[in-house]
Each structure stands twice: as structure tokens, then as C-alpha cells.
Amino acid sequence: VGTGPVAMCGQEVTVRYTSYKQDNKQIEDFTTRDKPLTFTLGDNTIMPVLQEAVPGMYAGGHRSITVPLSMSYGIKEYQRTELMSGDDVR
């Protein structure tokens with residue numbers, strides 16, 4: 001839930017996340033990196049799903065989402081991370 005301010009379009013936000021394939025194989029983990037992921041909501045520089053999932057969250061909050069293939073990394077990134085065609089990400 002979180003107790004801080006609400007994230008809104010145009011704001012810079014910092015997130016930590018872990019993504020998994022449907023078979024629970026971890027793809028990437030931004031929770032253990034030295035630098036979390038920072039971006040501006042609405043600038044379209046990151047996965048579309050993060051642009052949609054983060055607005056409305058409270059700072060310090062947690063959210064679990066399932067990401068359709070079309071909203072995640074794109075085909076080149078899928079090949080890099082060995083995702084199979086049609087796999088969703090969570």
C-alpha cells in the first residue's frame with residue numbers, strides 16, 4: 001500500500017522490481033542492484049506496463065502484476081532473455 005505521496009504522470013519515480021517468466025524463472029531483479037530504476041512517468045522511455053502500473057501507487061507501496069507479452073520487453077529483449085514466444089511476464 002505505501003504511506004508516501006501518490007505517483008502521478010510527469011513525476012520522476014524510483015522503483016525496484018523483479019520480473020519472472022510464467023514458469024517462475026527470474027528474468028531480472030532491480031531489488032538487489034546498487035541502483036534502482038528511475039524514470040519519469042509518461043516519458044515512454046521504459047516498458048509500457050511500468051508506465052501504466054506505477055501511477056496511483058503510494059511511495060513505499062508494493063504491487064504485483066502480470067504483463068502480457070505485448071507490453072513488456074519487445075522481441076529483441078525476449079530473445080536476449082530467452083523468453084519463448086507467447087510468454088507473459090509477472
Side-chain angles (χ1 to χ4, degrees):
V1 170
T3 58
V6 176
M8 298 187 308
C9 190
Q11 291 180 324
E12 184 175 86
V13 296
T14 300
V15 300
R16 294 185 181 271
Y17 71 90
T18 305
S19 58
Y20 299 89
K21 288 176 46 175
Q22 290 291 357
D23 65 2
N24 291 325
K25 179 180 176 186
Q26 184 175 305
I27 299 168
E28 66 183 342
D29 186 353
F30 268 92
T31 64
T32 59
R33 292 184 181 182
D34 289 338
K35 288 181 143 184
L37 178 64
T38 300
F39 61 95
T40 301
L41 287 173
D43 70 359
N44 297 319
T45 59
I46 57 155
M47 288 186 295
V49 70
L50 288 178
Q51 294 286 352
E52 290 186 19
V54 174
M57 289 185 68
Y58 289 89
H62 294 84
R63 186 170 281 177
S64 293
I65 58 174
T66 298
V67 183
L69 177 68
S70 63
M71 292 184 70
S72 57
Y73 296 92
I75 194 66
K76 288 182 182 179
E77 287 295 315
Y78 276 119
Q79 291 167 350
R80 182 182 66 81
T81 58
E82 299 177 15
L83 288 174
M84 296 178 67
S85 178
D87 277 352
D88 291 337
V89 178
R90 63 174 186 83

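Along the sequence shown, the residues carry numbers beginning at 1. No hydrogens, no waters, no symmetry mates; every other heavy atom, side chains included, goes into these values.
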Partners meeting side-chain hydrogen bond (donor to acceptor under 3.5 Å, both in side chains) with [X] (sequence neighbours left out):
{"X": "Thr32", "answer": "none"}
{"X": "Thr14", "answer": "Thr38"}
{"X": "Thr45", "answer": "Asp43"}
{"X": "Ser64", "answer": "none"}

Might you point out which heavy atoms bring [X] and [Y] nearest each other, and give the distance in Å?
{"X": "Gly42", "Y": "Cys9", "result": "CA-SG, 3.9 Å"}
{"X": "Val15", "Y": "Pro36", "result": "O-CB, 3.4 Å"}
{"X": "Ala7", "Y": "Val13", "result": "CB-CG1, 4.0 Å"}

Hydrophobic cluster membership, Leu41 vs Tyr58, 4.5 Å side-chain cutoff: no
Residues which pass side-chain contact (heavy atoms from CB on, under 4.5 Å) with Thr31, listed by chain and number, not counting sequence neighbours: Arg16, Thr18, Asp29
Sequence-distant partners of Ile46, side-chain contact (heavy atoms from CB on, under 4.5 Å), two or more places apart: Phe39, Leu50, Gln51
